[in-house]
Amino acid sequence: MKTDDKIETDAWLEDFLTELLELSGMDLQIEELKLEEDTRTFTARLNGPDKARAIGRDGQVLEAFQHIAVSAAANAGLARDRLVVDVDGYRQRRDDHVCEDAERLAREILESGGMCDLEPMSPRERRLVHMVISKIDGVTTESVGFGDGRFVRLLPSS
Amino acid sequence: MKELIEFMARVLVDNPDDVNVTEIVGEQSSVIELRVAREDLGKVIGKQGRTARAMRTILSAASTKLKKRAVLDIIE
């Protein structure tokens, strides 16, 4: 069953991205399409001459590609796995940065107490922060706010 | 650009055959009108308009490459 799911989502994602890139005139290739079994995440890594265009300011175009891919996959009945689209490792770099920032702020809270609000983030990034901070004793996280403005708050655990 | 919007709309909706896209081409900018079945409107607009915004962002990135401007109009 699992294997069938993988092949199904793999093939769907490859076809979908190939057509989307072609129609949007983006000169990009699918470098890698892989499934991380432990997190059940499909990651499509794209790269090519139009990478800057496909990332956009603050990753806006990349977010848009991902949002359409996730919505379309859900509509095709492929919502079992998480789906990530990355261009030239941009998302990985941004993820690393988000984690490093959260860890640094958590250490500050351990030293000086108080709490700290992070900038608004996507559900995926918030999940990442919750995971990273859950490994640090003495600091806990909660999500606050609604919609695009939802952010993570770091606070000392009692 | 018409084909791009048509493709995105068709994979998002339950009734792809009811997706209708027309492009009004101007000298520098064009208007792309998207019509879908009434019950699919929510699917192309999305929560807090996120899906419509994503389609507009992609449309804008794609047309900028062609040094053109395109506006997406979702007809209700």
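Lettering of chains follows the sequences in order, A, B, ..., and the numbering in each one begins at 1.
Taking hydrophobic clusters as Ile, Leu, Val, Met, Phe, Trp and Tyr residues chained together by side-chain heavy-atom distances below 4.5 Å, A/Trp12 shares a cluster with A/Ile30. A continuous path of Ile, Leu, Val, Met, Phe, Trp and Tyr side chains, each step under 4.5 Å between heavy atoms, connects B/Ile45 with A/Ile68, placing both in one hydrophobic cluster. B/Val36 and B/Ile74 end up in the same hydrophobic cluster when Ile, Leu, Val, Met, Phe, Trp and Tyr side chains are linked at under 4.5 Å. With hydrophobic clusters built from ILVMFWY side chains whose heavy atoms lie under 4.5 angstrom apart, A/Leu110 shares a cluster with A/Leu118.
Within a 6.0 Å radius of CG in A/Asp15, other residues, nucleotides and ligands contribute more than 12 heavy atoms. Summarising the local packing, CD of A/Glu32 is surrounded by more than 12 heavy atoms from other residues, nucleotides or ligands at distances under 6.0 Å. For CZ of A/Arg150, the number of neighbouring non-hydrogen atoms (other residues, nucleotides, ligands) closer than 6.0 Å is greater than 12.
Closest approach of A/Asp50 to B/Lys65, counting heavy atoms only: OD2-NZ, 2.6 Å. Closest approach of B/Thr64 to A/Arg53, counting heavy atoms only: C-NH1, 4.1 Å. When every heavy atom of B/Ala54 is checked against every heavy atom of A/Ala64, the shortest pair comes out as O-CB, 3.5 Å.
In this structure, chain A has a heavy atom under 4.5 Å from the side chain of B/Lys43, while its backbone stays farther away. Heavy-atom distances place both the backbone and the side chain of B/Glu3 under 4.5 Å from chain A.
At a threshold of 4.0 Å, the pair A/Asp148-B/Arg53 counts as salt-bridged, since one of the basic side-chain nitrogens sits closer than that to a carboxylate oxygen.
The CZ atom of A/Phe65 sits 8.0 Å away from the CE atom of B/Met8 when rounded to the nearest 0.5 Å. Here CZ of B/Arg50 is found 8.0 Å from OG of A/Ser71. Values are rounded to the nearest 0.5 Å. Considering CD1 of B/Ile58 and CE of A/Met26, their distance stands at 8.0 Å, rounded to 0.5 Å.
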(request) Just do the side chain to side chain contact (heavy atoms under 4.5 Å, CB included) check on B/Lys2 and A/Leu23 with the steps written out, would you? (result) CA-CA 9 Å; B/Lys2 177 177 180 284; A/Leu23 288 173; over 6 Å; no

(message) Evaluate A/Asn75 against B/Asp14 for side chain to side chain contact (heavy atoms under 4.5 Å, CB included), listing each step before the verdict.
(response) CA-CA 8 Å; A/Asn75 198 43; B/Asp14 289 332; 3.2 Å; yes

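Chain A forms the most heavy-atom pairs under 4.5 Å with one residue out of B/Met1, B/Met55, B/Arg56, B/Gln48, and that residue is B/Gln48.
Every residue two or more places apart in sequence or in another chain was checked for a ring-ring contact (aromatic ring centres under 6.0 Å, His included) with A/Tyr90, and none qualifies. Considering only residues two or more places apart in sequence or on other chains, A/Arg104 meets the salt bridge (charged side-chain N to carboxylate O under 4.0 Å, His left out) condition with A/Asp101, A/Glu108.
For the pair A/Glu22 and B/Leu4, the minimum side-chain heavy-atom distance is 4.5 Å or more. Taking 4.5 Å as the limit, every side-chain heavy atom of A/Glu19 sits out of range of all side-chain heavy atoms of B/Val11.
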